[in-house]
2 protein chains.
Amino acid sequence: MSDNIENIKEDMIGLLNKDSDIKKSWVEDNHPIDIAEALLELEDEEVREFTALLNNKDLADIVEQSEEKLQKNIIKTKTLEDIISIFSHMATDDITDILGNLPIKIRKKLLEHMKQDEAKILKELLGYAIESAGGLMTTEYILLYKGLTTEQALNKIKEIGPDTEVIDTIFIMNEEKALVGTVDLREILNFPDDMLLEEFMDDNLILVTPEMDQEFVAHQVAKYDLSAIPVVNKNNLLLGIITVDDIIDVIEAENTEDMFRMVGVHEEESINSPLFKSVKRRLPWLFINLGTAFLAAFTVGLFEDVIVQVVALAAAMPIVAGMGGNAGTQTLSVVIRGIALDEVDLSESWKLLLKEGLVGLINGIATGLVTGVILYLMYGNPYLGIIIFLAMMINLFIAGLFGYLIPSGLKLIGVDPALASAIFLTTATDVFGFFAFLGLAKIFLEYLL
Amino acid sequence: MSDNIENIKEDMIGLLNKDSDIKKSWVEDNHPIDIAEALLELEDEEVREFTALLNNKDLADIVEQSEEKLQKNIIKTKTLEDIISIFSHMATDDITDILGNLPIKIRKKLLEHMKQDEAKILKELLGYAIESAGGLMTTEYILLYKGLTTEQALNKIKEIGPDTEVIDTIFIMNEEKALVGTVDLREILNFPDDMLLEEFMDDNLILVTPEMDQEFVAHQVAKYDLSAIPVVNKNNLLLGIITVDDIIDVIEAENTEDMFRMVGVHEEESINSPLFKSVKRRLPWLFINLGTAFLAAFTVGLFEDVIVQVVALAAAMPIVAGMGGNAGTQTLSVVIRGIALDEVDLSESWKLLLKEGLVGLINGIATGLVTGVILYLMYGNPYLGIIIFLAMMINLFIAGLFGYLIPSGLKLIGVDPALASAIFLTTATDVFGFFAFLGLAKIFLEYLL
């Protein structure tokens, strides 16, 4: 990737002194997203010089692909008229995102200077939560009356088409303007000229409402292989559509989120985040982990008298805790993914809990047996072997249960199931692991001496 | 989800005695993917009865959405002729997937009974690795000569359109049949009838070759917001296209893979996997973890003499190891995602390594300071506090380094960067954590007594 960006960046700097035809053809030869990424690497002054050369259409393509910081940077060098002209080349969902990031004063000013009907749409879109269907939707769709013939429809499509985000799916409404079906553009191109849309439209609609969570929406689009999903209000009026390219971004983001949150990393962190931002974002989770680590230490502390007498316990106890942590994280990641992909049948929750517990138990017996035999051979004491076998069996069983209970519990109380779940889980497996192992050792102390 | 599937399943069983018109309209009212999911819940005999009622077109829609097991189940009840007729309603990528799962004998028989040209295409597609661009691509695209007028193009599209997977992007070739550009259907609908495609085609192509890894392909589609990406050979001949709906599946799968592999879970496991399959798939990783846990235990064992004298060390040592494990996993997940999203600039590898080391160091100082003070207050010995502070500083620094080195090292030797990386990482943080803490305690033993 970055080699390419380096090249584009060098090209750009070289272009600053060239005449505008050369610049223009260079812009046409590069993808807006690549230009946007290269601009991010330039100094503010260079960005200004470069963007001053572009027409508003090309600038719109670049701005809508840019990160927030660059967007602000470009916007602030432009006049109100220029910005509104740039917006005129963009889809409403992208304009909404940009407006949402601007200071309220500038946002208000821009909305005042726009055409009234356009400002009205944008204000409505700005009202939805960013991670909801409403926050993702755009208003550039084709909505036709079901009583049109394919010929009439095709003429309308030719007229509206250039301004839409999706052309292969045409939305169909009835007399009350309620959404009643979709038609595939292929069918319009293929069916006789006088056939009515309602005769062949697909009325088996997959719909969402604007307040729905983006993860659910993404799941619907992925499941039903849609190129766009309609967003409707309670009266089934079409409010907007969400296109598949935005859905891909949601899926990427949600997946990063699951993986990061599980281990206590802020979802906005990336490998290229600055040092102190990374520190600031990770440290709070580490302090939470520290609190839970003290719980584990406290558990061990309860058995200091036992450890003094059988110091082999100190060496063996990390095995019990570590294996529980690993087995539990296995369950945890399977359950978190299952919830994210909507594969968990909550009415059968106890079956899944039982299964995960049993998987842990069986794996605990298998690995505990091996561990027990090795410890027996190392220390020559069969009771130490039996105790670690029992402790691992118990701890991996508990690990399976908690691996299921933590994410489904978080889900139940309306929190992200992944949130810091690995931290909670290893607390449980550490505390129970140490307690089971050292507790058993205390009970059978006379056999260990 | 599953409520819906339950309903559909009940509907299906109820339909078994109804006449075929009722069945047909029921099939039309339900989405093939929902029917496929409900069929998975039925007994083999019920599946047979139900599928016997459907025509081959409807069956094709259901089969292409089914899981492997159900596909085989349906296929085996059908005659060769029926199967070939079902295939005729499917895209080549879906047929290839099904053929790839069938026993070689049946696959050969089917290919022998197909039209020669179709069998040839399928044999070629079967030759590509499943996780490569070739393994994902389909041959239902629209490829037009650049010298056509928009009117000629539109007529061709009307003719070919119904059999294609994507209609909004039209691929353009030159005299040598090499791919030279794409055209948006909107433009064809909008530009004058006699305009030539080459006059307005976009020649700034994003291409892949068939051997490229699916994760890279998905990344390109996501980055450039494509609805389909062309796959070409060395002479730029179009071999096939990969559509965005398949890309979404790749992204979902790759993300599951990253998260699962990191903690040692087989990528094909899901929350609904049967008990013994889960045990069988997770146990090998647990045994690997067990091996590494013994390394940690061995490290502790080296210092048994120290622990006997200062038993507080046994209670405090899980804090050092656990915090290192958590901090390291934070780095690990950020780096794995960075590699997956192609955000890692390998030429600046040492900078990223340094950054992650520093983040660890700073977080180690912060959390170590708090831990040191608490231990001092608990045990009244300032040296114990200083030792744990130093050990945490060292261990979180090491955790940052290994969190970067493990996945980028795995990547370097051509292995999935996520593979069991959390297991390797916690081994490192356990061993170094125990060694640093207990080693320092040994050196300063006289101050601890």
Side-chain angles (χ1 to χ4, degrees), chain A residues 1-2 33 158 161-162 167-168 185-186 189-190 222-223 225 244-245 248 251 255-256 259-260 263 265 269 271 275 278-279 282-283 286 289-290 293 296-297 300-301 304 307-308 311 314-316 318-319 322 326-327 329-330 333-335 337-338 342-345 355 358-359 362-363 366-367, chain B residues 1-2 33 158 161-162 167-168 185-186 189-190 222-223 225 244-245 248 251 255-256 259-260 263 265 269 271 275 278-279 282-283 286 289-290 293 296-297 300-301 304 307-308 311 314-316 318-319 322 326-327 329-330 333-335 337-338 342-345 355 358-359 362-363 366-367:
Chain A
M1 171 202 82
S2 14
I33 174 80
K158 282 185 181 178
I167 191 165
D168 57 348
L185 179 56
R186 269 168 275 230
L189 290 175
N190 239 62
K223 181 173 174 188
D225 291 346
V244 70
D245 55 314
I248 288 187
I251 294 176
N255 284 318
T256 301
M259 185 163 167
F260 280 13
V263 297
V265 174
E269 182 161 349
I271 187 141
L275 175 64
S278 294
V279 170
R282 295 187 203 171
L283 201 47
L286 288 172
N289 194 52
L290 184 60
V300 177
E304 280 182 1
I307 294 172
V308 170
V311 74
I319 299 178
N326 189 192
T329 322
Q330 287 182 330
S333 54
V334 172
V335 175
R337 279 309 275 170
D342 201 15
E343 291 172 347
V344 178
D345 183 351
K355 183 203 136 184
L358 281 176
V359 171
I362 296 169
N363 285 339
T367 54
Chain B
M1 173 202 81
S2 12
I33 175 79
K158 284 184 180 178
I167 191 164
D168 57 348
L185 179 56
R186 269 168 275 229
L189 290 175
N190 239 60
K223 180 174 176 187
D225 291 346
V244 71
D245 54 315
I248 287 186
I251 294 175
N255 285 318
T256 302
M259 187 163 165
F260 279 14
V263 298
V265 174
E269 182 161 349
I271 186 138
L275 175 65
S278 292
V279 170
R282 295 188 203 171
L283 201 48
L286 288 174
N289 194 54
L290 184 61
V300 176
E304 280 183 1
I307 294 172
V308 170
V311 75
I319 298 178
N326 189 192
T329 323
Q330 287 182 330
S333 54
V334 172
V335 175
R337 279 309 275 169
D342 200 17
E343 292 173 346
V344 178
D345 183 351
K355 182 203 137 184
L358 282 177
V359 171
I362 296 169
N363 286 339
T367 53

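Naming: A, B, ... by sequence-line order, numbering from 1 per chain.
- Judged by distance alone, with hydrogens and angles left aside, the side-chain atoms of B/Asn326 form a donor-acceptor pair with the main-chain N or O of A/Val263 at under 3.5 Å.
- Counting heavy-atom pairs under 4.5 Å between each of A/Asp225, A/Asp245, A/Leu286, A/Thr256 and chain B puts A/Leu286 at the top.
- For chain B, the option among A/Val308, A/Val311, A/Val300 with the highest count of heavy-atom pairs below 4.5 Å is A/Val311.
- By number of non-hydrogen pairs under 4.5 angstrom with chain B, the leading residue of A/Gly338, A/Ala222, A/Ala315 is A/Ala315.
- In this structure, the side chains of A/Ile271 and B/Lys355 stay at 4.5 Å or more apart for every pair of heavy atoms.
- With chain A as the partner, the residue from B/Val244, B/Leu185, B/Leu290, B/Asp168 showing the most heavy-atom pairs under 4.5 Å is B/Leu290.
- Residues B/Arg337 and A/Val265 are not in side-chain contact: their nearest non-hydrogen atoms beyond the backbone lie 4.5 Å or more apart.
- Using a 4.5 Å cut-off between heavy atoms, B/Glu269 touches chain A through its side chain atoms alone.
- Note on B/Ile307, B/Leu189, B/Val334: by heavy-atom pairs under 4.5 Å with chain A, the leading option is B/Val334.
- Within the 4.5 Å cutoff, no side-chain heavy atoms of A/Val279 are placed close to those of B/Leu358.
- Distance OG1/A/Thr329 to CG/B/Asn289: 9.0 Å, rounded to 0.5 Å.
- Rounding to the nearest 0.5 angstrom, the gap separating the NZ atom in A/Lys223 from the CD1 atom in B/Ile33 is 6.0 Å.
- Note that CD1 of B/Ile167 and CD1 of A/Ile167 are 9.0 Å apart. Values are rounded to the nearest 0.5 Å.
- Between chain B and the options A/Ser333, A/Ala366, A/Ala296, A/Ala293, heavy-atom pairs under 4.5 Å are most frequent for A/Ser333.
- Heavy atoms closer than 4.5 Å to chain A are found in the side chain of B/Ile362, but not in its backbone.
- Only the side chain of B/Ile248 comes within contact range of chain A, with heavy atoms under 4.5 Å apart.
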